[in-house]
Student: 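A single structure is presented below for examination.
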Amino acid sequence: MQDKLNRIAVIGGGSWATAIVKMLSDNLLEKDIYWWMRSKDAAEHIRKYKHNPNYLSSVEIKVDSNHIYTDIRKAVKNAQILLLNVPAAFLKDAFADLTPKDLKGKKIISAIKGIVPDENQIIAEFIHHQYQVPFEDIVVISGPCHAEEVALEKLSYLTIASPDLQLAETFASMISNRYIKTNISDDIYGTEYAAVLKNIYAVASGICHGVGYGDNFQAVLISNAIREMERFVAAIHPINRDIKESAYLGDLLVTAYSQFSRNRTFGNMVGKGYTVKSAQLEMNMIAEGYYAVNSIHQINKTYKVNMPIARAVYAILYEKHSPHIEMKLLTEVLT
């Protein structure tokens, strides 16, 4: 399969997309990398100077200048593999000019850690239902891996999940390198939902820090969060999985504690008294947890899983409840 799948288009121009372009470029297997981004100014800058002017600007971009596009159809047409890396809230806009015919026969890799709003679908479901891509042609990337540490070439681990384990292995061989190790899984539902939920719990972690709780309570919060995550993914997709694996627990830990976590940063600002809008404007980056908590709240109306942490974050962000009061109420139910 490897010699057939060697043309890959990265869709998105942010920090995680830039990090993935670096991973692919530093991998030793021969491949053609195409890169689509919305910003014409950023694309032109990268063509000229080989650096993304807006994200991870220290990273040298080793992509042919002629392979950098602002026309998504050109990027998609040239590729056999599409690696999706735009914020979930903007995926529909990015794909507005594409039809199921454009994606026919292509392999889809999702590196998006979010849910498509309105549809309340994880990326694999959205691509399957809206573009008729078989689940067997879809791969999900997850794992405790911040873009900023990839830029520094710090050792990181990714979990590559697909119902087609051979496809997962093939893509893993295209992205692994001296600082990226990979694990293989067939749990696309569990790994995608875990990646969504950990952003919500990172927002909760930030809110707690913002209102003044310390490390002792943070530990209680996150130990409860992993149990909450386990209950939810078991209700959505009940298979035998070990929630302590790095795709679940590991990703939760790094997102809840890391200085690089935009969701924790967003939550911290809200906890300190910023409005949602002012926190978003000051960050100038997307905190996926903001959109995710609304989608999970809607989805959980069907499953009715006990999710006090997610419920508290929803109350703060969407019902404008006091962070201090919601966190105090949360302390009464956590164990």
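No hydrogens, no waters, no symmetry mates; every other heavy atom, side chains included, goes into these values.
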Student: Within a radius of less than 6.0 Å around CG of Asn216, do more than 12 heavy atoms belonging to other residues, nucleotides or ligands occur?
Tutor: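 It does not: Asn216 CG has 12 such atoms or fewer within range.
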
Student: Can you confirm whether Lys113 sits close enough to Lys198 that some side-chain heavy atom of one is under 4.5 Å from a side-chain heavy atom of the other?
Tutor: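 The answer is yes; the side chains approach within 4.5 Å.
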
Student: With heavy-atom distances below 4.5 Å as the criterion, would you say the side chains of Arg241 and His237 are in contact?
Tutor: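 Yes, side chains in contact.
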
Student: Which heavy atom of Met37 sits nearest to which heavy atom of Ala43, and what is that distance?
Tutor: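 Closest heavy-atom pair between Met37 and Ala43: SD-N, 3.7 Å.
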
Student: Would you call Lys92 and Gln130 a side-chain contact if the rule is heavy atoms closer than 4.5 Å?
Tutor: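 Sidechains of Gln130 and Lys92: no contact.
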
Student: Minimum heavy-atom separation for Pro308 and Arg231, please, with both atom names.
Tutor: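 Closest approach of Pro308 to Arg231, heavy atoms only: CD-NH2, 4.1 Å.
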
Student: Have a look at Tyr201 and tell me which of Thr255, Leu253, Leu252 forms a side-chain contact (heavy atoms from CB on, under 4.5 Å) with it.
Tutor: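 Exactly one option meets the side-chain contact (heavy atoms from CB on, under 4.5 Å) with Tyr201, and it is Leu252.
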
Student: Spell out, as yes or no, whether a donor-acceptor pair under 3.5 Å connects the side chain of Gln80 to the backbone of Arg7.
Tutor: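 Confirmed, Gln80 side chain pairs with Arg7 backbone.
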
Student: Assess, by modelled atom type and distance only, whether the side chains of Ser258 and Ser261 contain a donor and an acceptor separated by less than 3.5 Å.
Tutor: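 On atom types as modelled, these side chains do not qualify, holding no pair under 3.5 Å.
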
Student: Looking at Tyr257, I want to see if its OH is surrounded by more than 12 non-hydrogen atoms of other residues, nucleotides or ligands under 6.0 Å.
Tutor: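 Counting neighbours around OH of Tyr257, more than 12 heavy atoms of other residues, nucleotides or ligands fall under 6.0 Å, so yes.
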
Student: ring-ring contact (aromatic ring centres under 6.0 Å, His included): which pairs involve residues 65-95, sequence neighbours left out?
Tutor: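 Matches after skipping sequence neighbours: Tyr34-His67, Phe95-Tyr131.
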
Student: Can you get from Ile188 to Tyr193 by hopping between Ile, Leu, Val, Met, Phe, Trp and Tyr side chains that sit under 4.5 Å apart?
Tutor: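 Same cluster.
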
Student: Is the closest side-chain donor-acceptor distance between Glu148 and Ser15 under 3.5 Å?
Tutor: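 There is no such pair (donor and acceptor under 3.5 Å, judged by atom type) between the side chains of Glu148 and Ser15.
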
Student: With a 4.5 Å cut-off on side-chain heavy-atom distances among I, L, V, M, F, W and Y, is there a chain of contacts connecting Ile115 to Tyr303?
Tutor: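 Yes; Tyr303 is reachable from Ile115 via cluster members.
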
Student: Under 4.0 Å between a side-chain nitrogen and a carboxylate oxygen: does that hold for Glu230 and Arg227?
Tutor: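 Result for this pair is no, no salt bridge flagged.
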
Student: Evaluate whether atom NE2 of His209 has more than 12 neighbouring non-hydrogen atoms of other residues, nucleotides or ligands under 6.0 angstrom away.
Tutor: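 It does not: His209 NE2 has 12 such atoms or fewer within range.
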
Student: Could you tell me whether the side chain of Glu228 and the main chain of Ala310 form a donor-acceptor pair under 3.5 Å?
Tutor: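 The answer is yes, because a donor-acceptor pair under 3.5 Å joins these two groups.
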
Student: Can you tell me how far CG of Asp242 sits from OG of Ser185, rounded to the nearest 0.5 angstrom?
Tutor: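 Going from OG on Ser185 over to CG on Asp242, the span is 11.0 Å.
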
Student: Could you tell me whether a side-chain N or O of Lys106 sits under 3.5 Å from a main-chain N or O of Ala79, the two making a donor and an acceptor?
Tutor: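 Looks like yes, one N/O pair under 3.5 Å.
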
Student: Are Phe260 and Tyr179 linked, directly or through intermediate hydrophobic residues, by side-chain heavy-atom contacts shorter than 4.5 Å (ILVMFWY only)?
Tutor: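 Looking at the clustering, Phe260 is in a separate group from Tyr179.
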
Student: Which heavy-atom pair separates Ser173 from Leu29 by the least distance, and what is that distance?
Tutor: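 Of all heavy-atom pairs spanning Ser173 and Leu29, the closest is O-CD1, 3.1 Å.
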
Student: Where the side chain of Glu192 meets the backbone of Ile123, is there a donor-acceptor pair that is under 3.5 Å apart?
Tutor: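 Side chain of Glu192 to backbone of Ile123, a donor-acceptor pair under 3.5 Å: yes, one is there.
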
Student: Show every donor-acceptor pair shorter than 3.5 Å between a side-chain atom in residues 311-318 and any protein atom, with sequence neighbours excluded, or say none if there are none.
Tutor:
{"residue": "Arg311", "atom": "NH2", "partner": "Glu319", "partner atom": "OE1", "Å": "3.3"}
{"residue": "Arg311", "atom": "NH2", "partner": "Glu319", "partner atom": "OE2", "Å": "3.4"}
{"residue": "Tyr318", "atom": "OH", "partner": "Tyr290", "partner atom": "O", "Å": "2.6"}

Student: Do the side chains of Lys107 and Leu167 get nearer than 4.5 Å, heavy atoms only?
Tutor: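 With C-beta onward as the side chain, the pair touches.
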
Student: Mind checking what makes side-chain contact (heavy atoms from CB on, under 4.5 Å) contact with Lys320, not counting sequence neighbours?
Tutor: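 Expected list: none.
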
Student: Is atom NZ of Lys50 surrounded by more than 12 heavy atoms (other residues, nucleotides or ligands) closer than 6.0 Å?
Tutor: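 Enclosed.
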
Student: Between Asp93 and Arg38 (salt bridge meaning N to carboxylate O under 4.0 Å), is one present in this structure?
Tutor: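 The answer is no: the pair does not qualify as a salt bridge.
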
Student: Could you pull out all residues at least two apart from His45 that satisfy ring-ring contact (aromatic ring centres under 6.0 Å, His included)?
Tutor: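 Testing His45 for ring-ring contact (aromatic ring centres under 6.0 Å, His included), a comparison that skips the adjacent residues, returns Tyr49.
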
Student: Using a 3.5 Å distance criterion without hydrogens, assess whether the side chain of Asn224 forms a donor-acceptor pair with backbone atoms of Thr335.
Tutor: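 The answer is yes, because a donor-acceptor pair under 3.5 Å joins these two groups.
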
Student: How many angstroms lie between atom CD1 of Ile180 and atom CD1 of Ile20, to the nearest 0.5 angstrom?
Tutor: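 These two atoms lie 9.0 Å from each other.
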
Student: With heavy-atom distances below 4.5 Å as the criterion, would you say the side chains of Glu44 and Thr70 are in contact?
Tutor: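 Heavy-atom side-chain distance check fails, nothing below 4.5 Å.
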
Student: Has Leu28 got more than 12 heavy atoms of other residues, nucleotides or ligands less than 6.0 Å from its CG?
Tutor: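 No - once you tally the heavy atoms of other residues, nucleotides and ligands closer than 6.0 Å, there are 12 at most.
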
Student: Over all heavy atoms of both residues, which pair between Ala172 and Thr182 is shortest? Give the atoms and the distance, please.
Tutor: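 Result for this residue pair: CB-OG1, 3.6 Å.
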
Student: Rounded to the nearest 0.5 Å, what separation is found between the CD1 atom of Ile108 and the CG atom of Leu103?
Tutor: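 Answer rounded to 0.5 Å: 4.0 Å.
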
Student: Under 3.5 Å, is there a donor-acceptor pair between the side chain of Glu125 and the main chain of Ile122?
Tutor: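 A pair under 3.5 Å: yes.
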
Student: Give, for atom CD of Glu288 and atom CD1 of Ile112, the distance between the pair rounded to the nearest 0.5 Å.
Tutor: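 So the CD of Glu288 and the CD1 of Ile112 are separated by 7.5 Å.
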
Student: Would you indicate whether the side-chain heavy atoms of Leu197 and Val233 approach each other to under 4.5 Å?
Tutor: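 A side-chain contact exists here, since the closest heavy-atom pair is under 4.5 Å.
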
Student: Taking atom types as modelled, find out whether Ser65 and Lys48 have a side-chain donor-acceptor pair closer than 3.5 angstrom.
Tutor: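 There is no such pair between these side chains.
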
Student: Does any non-hydrogen side-chain atom of Phe171 lie less than 4.5 Å from one of Ile141?
Tutor: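 Yes - at least one pair of side-chain heavy atoms lies under 4.5 Å apart.
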
Student: Looking at His51 and Ile61, would you say the former's side chain and the latter's main chain have a donor-acceptor pair under 3.5 Å?
Tutor: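 Checked: no pair found.
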
Student: Any donor and acceptor pair, going by atom type alone, linking the side chain of Ser162 with main-chain N or O of Ile138 inside 3.5 Å?
Tutor: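 Confirmed, Ser162 side chain pairs with Ile138 backbone.
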
Student: Taking Asn263 for its side chain and Gly289 for its backbone only, find out whether a donor-acceptor pair lies under 3.5 Å.
Tutor: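 Such a contact is found between Asn263 side chain and Gly289 backbone.
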
Student: How close do Cys145 and Ser156 get, counting heavy atoms only, and between which atoms?
Tutor: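 Smallest heavy-atom distance, with atoms named: SG-CB, 3.6 Å.
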
Student: If the condition is salt bridge (charged side-chain N to carboxylate O under 4.0 Å, His left out), which residues does Arg73 pass it with, not counting sequence neighbours?
Tutor: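 Testing Arg73 for salt bridge (charged side-chain N to carboxylate O under 4.0 Å, His left out), a comparison that skips the adjacent residues, returns Asp102.
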
Student: Are any side-chain N or O atoms of Asn177 and backbone N or O atoms of Met23, one a donor and one an acceptor, separated by less than 3.5 Å?
Tutor: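 The answer is yes, because a donor-acceptor pair under 3.5 Å joins these two groups.
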
Student: Please round to the nearest 0.5 Å and tell me the distance separating atom CH2 of Trp36 and atom CD1 of Ile72.
Tutor: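 Here the interatomic distance stands at 4.5 Å.
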
Student: Rounded to the nearest 0.5 Å, what separates atom OG in Ser25 from atom CD1 in Ile33?
Tutor: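 CD1 of Ile33 is found 3.5 Å from OG of Ser25.
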
Student: Do Val270 and Val203 make a side-chain contact, defined as non-hydrogen atoms from C-beta onward lying under 4.5 Å apart?
Tutor: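 No, their side chains stay 4.5 Å or more apart.
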
Student: Between Ala256 and Ile222, what is the shortest heavy-atom contact and its length?
Tutor: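 Looking at all heavy atoms of both residues, the closest pair is CB-CD1, 3.5 Å.
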
Student: Among Leu24, Asp64, Thr18, Leu83, which one satisfies side-chain contact (heavy atoms from CB on, under 4.5 Å) with Trp35?
Tutor: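 By the side-chain contact (heavy atoms from CB on, under 4.5 Å) criterion, Trp35 pairs with just one of Leu24, Asp64, Thr18, Leu83: Thr18.
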
Student: Could you pull out all residues at least two apart from Ser322 that satisfy side-chain contact (heavy atoms from CB on, under 4.5 Å)?
Tutor: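 By the side-chain contact (heavy atoms from CB on, under 4.5 Å) rule, Ser322 matches His324, Ile325.
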
